[in-house]
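Reading through the structure tokens given below for one structure.
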Amino acid sequence: MADENTNEVVAPVEGAEAAPTEGRGPGRGRGNRSGGDRNRGERGGRGRRDDRRGNRDEEQGEELIEKLVHINRVSKTVKGGKRFGFAALVVVGDGKGRAGFGHGKAREVPEAISKATASAKKAMVRVPLKEGRTLHHDGLGHFGAGKVTVRSAPAGTGIIAGGPMRAVFESLGVADVVTKSNGTSNPYNMIRATFAALGEQTSPKAVAQRRGKKIADLLRRGGASAEVAQADAEAIAE
């Protein structure tokens with residue numbers, strides 16, 4: 001009888017101790033997890049950071065000059081008929097010596113323009129400008145059947161260029177330039193030929209650094225006096 005009573009007393013005690021322990025453990029863990037998830041959802045820290053970054057990108061995009069050069073309707077023959085789309089050619093620049101071009105295709109015109117603009121922003125290149133208004137020297141560009149000639153011009157000349165080439169120089173920030181296009185009038189080839197000519201542009205400052213000389217020494221070889229060469233060297237800004 002003593003053994004039976006002992007067993008009866010011990011069994012309930014062990015069960016009573018185990019029940020609260022099991023109830024506390026899962027209850028606290030679940031409560032903390034649900035509270036943490038709720039707090040994370042209410043805070044939204046990463047979402048705010050993404051919003052800020054998006055606003056900064058939009059502000060930077062507003063500073064760029066976007067020029068729509070050409071829109072072409074394209075078609076693809078599929079089973080059952082033709083599927084039409086649009087191709088856009090866009091030139092983008094900051095007006096301070098950086099420019100790029102891109103093209104995009106889509107079923108709608110706005111989407112094609114947005115794709116071309118994004119592509120142009122990724123392919124922007126820097127071109128050295130003389131006094132921030134014209135080119136340092138003449139240049140030739142060639143792509144496919146298109147050939148272009150670009151020449152520096154004095155102040156007040158303006159942009160003497162037509163079609164796609166004008167869009168490039170306006171977005172680039174060039175105020176005085178004389179250009180000539182020979183061969184094809186395809187806007188894609190003309191744009192590529194123009195950027196090929198601009199890619200060969202160099203400034204006296206870059207040439208002097210590459211050759212280990214002074215800018216005034218390079219300018220004096222053109223027949224200018226020492227005083228004029230020194231003044232021009234101080235005025236040059238890439």
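Note that the numbering runs from 1 along the sequence shown for the chain.
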Looking only at atom types and distance, does a side-chain atom of [X] sit under 3.5 Å from a main-chain N or O of [Y], one as donor and one as acceptor?
X	Y	answer
D176	G158	yes
T157	A153	no
S119	A116	no
H142	G144	yes
H137	S152	no

Can you name the side-chain hydrogen bond (donor to acceptor under 3.5 Å, both in side chains) partners of [X], sequence neighbours left out?
X	result
R166	none
K67	E170
N189	none

Test L129 against T134 for side chain to side chain contact (heavy atoms under 4.5 Å, CB included), laying out the working first.
-> CA-CA 6 Å; L129 301 179; T134 187; over 6 Å; no
Would you indicate whether the side-chain heavy atoms of [Y] and [X] approach each other to under 4.5 Å?
X	Y	result
D138	T149	no
V109	I71	yes
L68	E66	no
R192	F101	yes

Between K147 and L140, is a side chain to side chain contact (heavy atoms under 4.5 Å, CB included) present by the stated rule, with each step listed?
-> CA-CA 7 Å; K147 298 179 181 179; L140 299 174; over 6 Å; no
According to the interplanar angle, ranging from 0 to 90°, do the rings of H70 and Y188 count as parallel (below 30°), tilted (30 to 60°) or perpendicular (above 60°)?
-> perpendicular
Counting heavy atoms not belonging to R151, are there more than 12 under 6.0 Å from its CZ?
-> no
Would you please test R83 and R107 for side chain to side chain contact (heavy atoms under 4.5 Å, CB included) and show each step?
-> CA-CA 9 Å; R83 185 176 298 172; R107 298 293 298 274; 3.7 Å; yes
Check whether V125 and L198 end up in the same hydrophobic cluster, where Ile, Leu, Val, Met, Phe, Trp and Tyr are linked by side-chain heavy atoms less than 4.5 Å apart.
-> yes
